[in-house]
Chemist: 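My structure is below; once you've seen it, I'll send some questions.
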Amino acid sequence: MKQDNQSENKKLENKKTVIVVGGGPAGVQAALRAHELGATVTLLEANKLGGTAFNEGPAPVRTLARAARLRTDATLYSQFGLQGDVPSVNFKAAIDNANRVAAHANQVWHLTKIVEYQGIEVIDEVGSAHFVNNNTLEIADGRQFSADKIILTVGGKPKKLSIPGNELALSFHDLWSMTELPERVTVVGGSATGCQLASILIGFGAKVDIIEFADRLTPPSDVDISRKLEEAFKSRGMNVLTSTGCQSIAKENGQLKVTYKHNDQTDALMTDAVFLMVGWPADLDGLNLEATDIKVDGPYIEVDDYLQTNVEGVYVAGDANGVSMFVQSAAHQARVAVQNAVSDTAEKYAPRAIATGSFTEPEYASVGMTQAQAEEEHECIVEIIDYENLPRAVMDGRTDGFCKIIINKETQELLGVHVLGSYSAEVIQVAATCLATGMKINEIANLELAFPTFTEALGMAAQRICRNLRVEDKKIEE
């Protein structure tokens, strides 16, 4: 018995200690995985567990998008033989409902208790933790925490433009305390988050301007997504200004004057509210990296392929490293970082497929390479199924979309899929599975996908490519 106790005590002495800083999806995943691997874990969170994803980001934003879409759907009533007016909007009630969903993780799921129940020490709602040295952190009440390994999952924060009047602009953080819908809103930044906000607000009935510095909306997207999304926004009455830089914001006659430059011409518009959606740098406020040797790369913490910083034993997962800034990526990175930290492995973060989806109207989603990226490296075949030819889209009265697939002509493997239209974020999950498992185009064409669905467009595109390839092969034989 004495020998058994000594063996158990030795195991406890050899257990690694891990501090996780930040309680969003990456932080919670990191803490749980570290505990599974046998480490003693302390999770430090400035506010409530859940992070931006649950408390201010995708969860409440998607809830608002749902409300806006319900209102937009009412415009189709007459097409289906229904009668009724488009609903009016109680903006405060819509915001309250989004805040209710944001609180769900803690008030209904009791996320903190779930994590604590696993045997993890959770210290939340204590404000920002800051470094004292390379392996020690301190919180506001003076308590200090040291560990063998530190996993930073501090996420990001809204970026402010360095322009006159930037203090007059709002961010997503301000949305949740608004009680009235402004009559006219200007969104500066036309990438994913800016487009989502602009789409929601116009869906609620506001007049919306969107200003994007690049030559198209959602610059990282496939160009066909950008073009079709802009067309859809304009058809809804949105004022879309691309290749345009915001120069200043000023108060004037009870409104805000936004001055911008477009094609070397300076102009201005009047609006009631301005949202800056121009970037999401790492949230390093209060972290006191100056007390460490940790290097930063621009607005992010520098990491290697294994998600370790230049300081041994300190890893970064999620938005703070700028590698792949999606909730699903944050959770995956957390598992990789912890595996390397606790098990002393050398696993690279190298995802095969990252499926992304938006909450705009219409939705859009992507996985893999854009057409431009694919054609730089491969001889490609591209096929597009227009939703006017998709039975489910016709049935739903939602023919304003498409499914585009890109394959490597030589290997006939899938390189990328881009979808715009209803349920895009759901359709892309099947495409991501096909891509991640290395399915060839004939295998995708032979999938017996449910009818009638929007996902069927993926199979239709694959079948069309296969038919064309057979015709091409036949011509070569002749």
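Note that the structure is predicted; figures quoted are calculated from it, not measured. Side-chain atoms are counted along with the backbone in the values below, which use heavy atoms only and exclude waters and symmetry mates. Along the sequence shown, residues are numbered consecutively beginning with 1.
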Chemist: What class does the angle between the rings of Trp280 and His173 fall in, given that below 30° is parallel, 30 to 60° is tilted and above 60° is perpendicular?
Modeler: tilted
Chemist: Can you check side chain to side chain contact (heavy atoms under 4.5 Å, CB included) on Ile444 and Leu414, steps first, answer last?
Modeler: CA-CA 9 Å; Ile444 300 170; Leu414 191 62; 4.0 Å; yes
Chemist: Ion pair present between Glu363 and Arg69, side-chain N to carboxylate O less than 4.0 angstrom?
Modeler: yes
Chemist: Go through the steps to decide whether Arg100 and Asp96 satisfy the test salt bridge (charged side-chain N to carboxylate O under 4.0 Å, His left out), and finish with yes or no.
Modeler: CA-CA 6 Å; Arg100 176 189 62 78; Asp96 287 345; over 6 Å; no
Chemist: Taking atom CD as the centre, does Gln79 end up with more than 12 heavy-atom neighbours from other residues, nucleotides or ligands that are less than 6.0 angstrom away?
Modeler: yes
Chemist: Taking the basic N atoms (NZ, or NE/NH1/NH2) and the acidic carboxylate oxygens, is any pair closer than 4.0 Å for Lys440 and Glu413?
Modeler: no
Chemist: Hey, are the side chains of Glu230 and Thr242 touching, using non-hydrogen atoms and a 4.5 Å cut-off?
Modeler: yes
Chemist: For residues Ala334 and Ala30, report the shortest heavy-atom separation together with the two atoms involved.
Modeler: CB-N, 3.8 Å
Chemist: Find out whether Val419 and Leu458 are in side-chain contact, i.e. whether some heavy atom of one side chain is under 4.5 Å from a heavy atom of the other.
Modeler: no
Chemist: State, yes or no, whether a side-chain contact exists between Ser191 and Met277 at a heavy-atom distance under 4.5 Å.
Modeler: no
Chemist: Which pairs count as side chain to side chain donor-acceptor pair (under 3.5 Å) when at least one residue sits in residues 206-225, sequence neighbours excluded?
Modeler: Arg184-Asp209, Thr186-Asp209, Asp209-Asn239, Arg216-Ser226, Thr218-Ser221, Thr218-Ser226, Asp222-Lys404, Asp224-Lys404
Chemist: Just by modelled atom types, is the Asn389 backbone N or O under 3.5 Å from a matching donor or acceptor in the Asp386 side chain?
Modeler: no
Chemist: Minimum heavy-atom separation for Lys159 and Pro281, please, with both atom names.
Modeler: CB-CD, 3.6 Å
Chemist: Looking at Arg398 and Glu388, is there a salt bridge between them, counting it only when a charged N and a carboxylate O are closer than 4.0 Å?
Modeler: no
Chemist: Verify, without hydrogens or angle tests, whether Thr63 (side chain) and Ala59 (backbone) share a donor-acceptor contact under 3.5 angstrom.
Modeler: yes
Chemist: Output yes when a side-chain donor or acceptor of Lys160 lies under 3.5 Å from a complementary backbone atom of Ala169, and no otherwise.
Modeler: yes
Chemist: List the steps, then state whether side-chain hydrogen bond (donor to acceptor under 3.5 Å, both in side chains) holds for Thr360 with Ser199.
Modeler: CA-CA 5 Å; Thr360 51; Ser199 181; 5.4 Å; no
Chemist: Could you check if a side-chain atom of Glu375 sits within less than 4.5 angstrom of a side-chain atom of Gln371, using non-hydrogen atoms only?
Modeler: yes
Chemist: I want to check something: taking the side chain as every heavy atom from C-beta on, are Arg33 and Gln339 in contact at a cut-off of under 4.5 Å?
Modeler: yes
Chemist: Look up atom CG in Asp400 and atom OG in Ser422, then write down how far apart they are to the nearest 0.5 Å.
Modeler: 7.0 Å
Chemist: Give a yes or no answer on whether the side chain of Thr75 reaches the backbone of Arg71 with a donor-acceptor pair at less than 3.5 Å.
Modeler: no
Chemist: Got a second to check how far Thr153's OG1 is from Gln29's CD, nearest 0.5 Å?
Modeler: 11.0 Å
Chemist: Between Asp396 and Arg392, does the salt bridge (charged side-chain N to carboxylate O under 4.0 Å, His left out) criterion hold? Intermediate values first, please.
Modeler: CA-CA 6 Å; Asp396 282 16; Arg392 173 60 186 275; 2.9 Å; yes
Chemist: Taking all non-hydrogen atoms of both residues, which atom of Ala320 and which atom of Val154 are closest, and how far apart?
Modeler: CB-CG2, 3.7 Å
Chemist: Looking at every heavy atom in both Gly22 and Leu43, which two are closest together, and how far apart are they?
Modeler: O-CD1, 3.5 Å
Chemist: Considering non-hydrogen atoms only, spot the tightest contact between Leu161 and Leu276 and give its length.
Modeler: N-CD1, 3.8 Å
Chemist: Count the heavy atoms of every other residue, nucleotide or ligand shown that sit under 6.0 Å from OH of Tyr260, and state whether that count exceeds 12.
Modeler: yes
Chemist: Among residues at least two apart in sequence or on other chains, which ones pass side-chain hydrogen bond (donor to acceptor under 3.5 Å, both in side chains) with Lys228?
Modeler: none
Chemist: Tyr349: what forms a ring-ring contact (aromatic ring centres under 6.0 Å, His included) with it, not counting sequence neighbours?
Modeler: His332
Chemist: Could you give the distance from OG1 (Thr309) to CD1 (Ile294), rounded to the nearest 0.5 Å?
Modeler: 5.0 Å
Chemist: With a sphere of 6.0 Å drawn around CD of Glu183, does it hold more than 12 non-hydrogen atoms of other residues, nucleotides or ligands?
Modeler: no
Chemist: Hey, do the aromatic rings of Phe454 and Tyr387 have their centres closer than 6.0 Å?
Modeler: yes
Chemist: Between atom NZ of Lys409 and atom NE2 of His378, what is the distance when rounded to the nearest 0.5 Å?
Modeler: 14.5 Å
Chemist: For the pair Gln333 (side chain) and Ala317 (backbone), establish whether a donor and an acceptor sit closer than 3.5 Å, ignoring hydrogens and angles.
Modeler: no
Chemist: Using only atom types and a distance under 3.5 Å, with no angle test, would you say the side chain of Asn408 pairs donor to acceptor with the backbone of Gln412?
Modeler: no
Chemist: One thing to verify: whether Lys295 and Glu302 come together as a salt bridge, which I'm taking to mean a side-chain N less than 4.0 angstrom from a carboxylate O.
Modeler: no
Chemist: List for me each residue that meets ring-ring contact (aromatic ring centres under 6.0 Å, His included) alongside Tyr300, sequence neighbours excluded, and say none if there are none.
Modeler: none
Chemist: Strictly by modelled atom types, are Gln373 and Glu377 linked by a side-chain donor-acceptor pair under 3.5 Å?
Modeler: no
Chemist: So Val258 and Val274, do their side chains get closer than 4.5 Å, heavy atoms only?
Modeler: yes
Chemist: Step by step, work out the side chain to side chain contact (heavy atoms under 4.5 Å, CB included) result for Ile95 and Thr179.
Modeler: CA-CA 8 Å; Ile95 292 292; Thr179 57; over 6 Å; no
Chemist: Which heavy atom of Pro362 sits nearest to which heavy atom of Ala232, and what is that distance?
Modeler: CD-CB, 3.4 Å
Chemist: So does Phe359 get a backbone contact from the side chain of Arg62, meaning a donor-acceptor N/O pair under 3.5 Å?
Modeler: no
Chemist: Suppose we screen for side-chain hydrogen bond (donor to acceptor under 3.5 Å, both in side chains). Which residues come up paired with Arg66, at least two apart in sequence or across chains?
Modeler: none
Chemist: Can you pull out every ring-ring contact (aromatic ring centres under 6.0 Å, His included) where at least one residue sits in residues 223-257? Sequence neighbours excluded, please.
Modeler: none
Chemist: Report yes if the side chains of Val323 and Ser329 come closer than 4.5 Å at any heavy-atom pair, otherwise no.
Modeler: no
Chemist: Applying side chain to side chain contact (heavy atoms under 4.5 Å, CB included) to Glu361 and Arg236, what does each step give before you reach the verdict?
Modeler: CA-CA 10 Å; Glu361 175 61 44; Arg236 296 175 66 190; 3.3 Å; yes
Chemist: Report yes or no: does Asp174 contribute a side-chain atom to a donor-acceptor pair with the main-chain N or O of Ser171 at less than 3.5 Å?
Modeler: yes
Chemist: Okay, side chain of Gln265, backbone of Lys261: is any donor-acceptor separation there less than 3.5 Å?
Modeler: no
Chemist: With the side chain counted from C-beta on, respond yes when Ile211 and Val187 share a heavy-atom pair under 4.5 Å apart, and no when they do not.
Modeler: no
Chemist: Could you give the distance from CD1 (Ile384) to NE2 (His418), rounded to the nearest 0.5 Å?
Modeler: 10.0 Å
Chemist: Checking Asn340 side chain against Tyr306 main chain: does a donor-acceptor pair fall under 3.5 Å?
Modeler: yes
Chemist: Just how far is it from atom CZ of Arg467 to atom CD of Gln463, taken to the nearest 0.5 Å?
Modeler: 6.5 Å
Chemist: Are there more than 12 heavy atoms of other residues, nucleotides or ligands under 6.0 Å from atom CD of Glu167?
Modeler: yes
